[in-house]
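Keep in mind it's a predicted model, so treat the numbers as computed, not measured. First listed ligand is number 1; within each ligand, the first listed atom is number 1.
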Amino acid sequence: MHDTVLWVSVALLLLLIAIFGVVIRASTRSTTPGAAQAVIGKARTPLLWGLLIFGAIVVYGTMTPWPHAAPAGNEKPIVVSVTGAQWSWQANRKDVPAGKPIVFAVTSTDVNHGMGLYDSDYRLLTQVQGMPGYVNRVHYTFRKPGTYRLLCLEYCGLSHHEMIGELKVTAK
Ligand code: CUA
């Protein structure tokens with residue numbers, strides 16, 4: 001999905017550059033309407049309709065849930081329930097298998113926390129808000145076994161920086 005968005009953006013950017021190029025070339029050629037202007041004039045209405053329809057398709061297509069919130073494949077995900085509280089993370093399990101879809105169901109008992117999932121090199125993999133009264137879900141499939149960490153991404157009080165949880169990912 002991210003690749004698709006990237007390539008659509010690149011294609012639109014190139015189209016925009018091409019349109020600017022045509023307009024600049026046409027505007028510097030002559031001041032009286034010529035063949036180029038006639039072609040542009042004729043192409044304007046279908047171009048506008050094309051852009052409108054394309055825009056409507058893009059809007060419709062991107063209104064579906066983001067892919068990182070969708071489970072990978074049809075396999076039933078393992079639920080890891082995580083509760084944030086000043087100032088620690090409680091989870092219903094300490095380890096999960098690699099290669100299996102996981103869904104983190106995250107909430108909070110007090111204030112808003114941000115659950116950031118990090119690998120052993122402290123690279124952020126995914127994140128979701130932990131909010132009192134809500135359960136927010138984020139799907140993730142671990143590729144490699146190892147020790148992963150949950151850090152709080154939202155300032156939640158004096159010991160915000162101490163909200164560090166650990167999750168072991170075991171080989172399949
Ligand atoms: Cu919890 Cu910052």
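- Among heteroatoms of the N, O or S kind in His113, ND1 lies nearest atom 1 (Cu) of ligand 1.
- Contact annotation: Gln86 places no N, O or S atom under 2.8 Å from atom 1 (Cu) of ligand 1.
- Coordination check, His160 versus atom 1 (Cu) of ligand 1: failed, since every N/O/S atom of the residue sits at 2.8 Å or beyond.
- Of all heavy-atom pairs between Gln127 and Val138, the closest is O-CG2, 4.2 Å.
- No side-chain heavy atom of Tyr140 sits less than 4.5 Å from a side-chain heavy atom of Val96.
- Closest non-hydrogen pair, Gly116 versus Leu153, comes out as CA-CD1, 3.6 Å.
- Rounded to 10°, the angle formed at atom 2 (Cu) of ligand 1 by SG of Cys152 and SG of Cys156 is 120°.
- In terms of heavy-atom proximity, Leu167 sits nearest to Arg93 at CD1-O, 3.8 Å.
- Nearest heavy-atom pair, Ala85 versus Thr109, reported as atom, atom and distance to 0.1 Å: CB-OG1, 3.2 Å.
- Among heteroatoms of the N, O or S kind in Glu154, O lies nearest atom 2 (Cu) of ligand 1.
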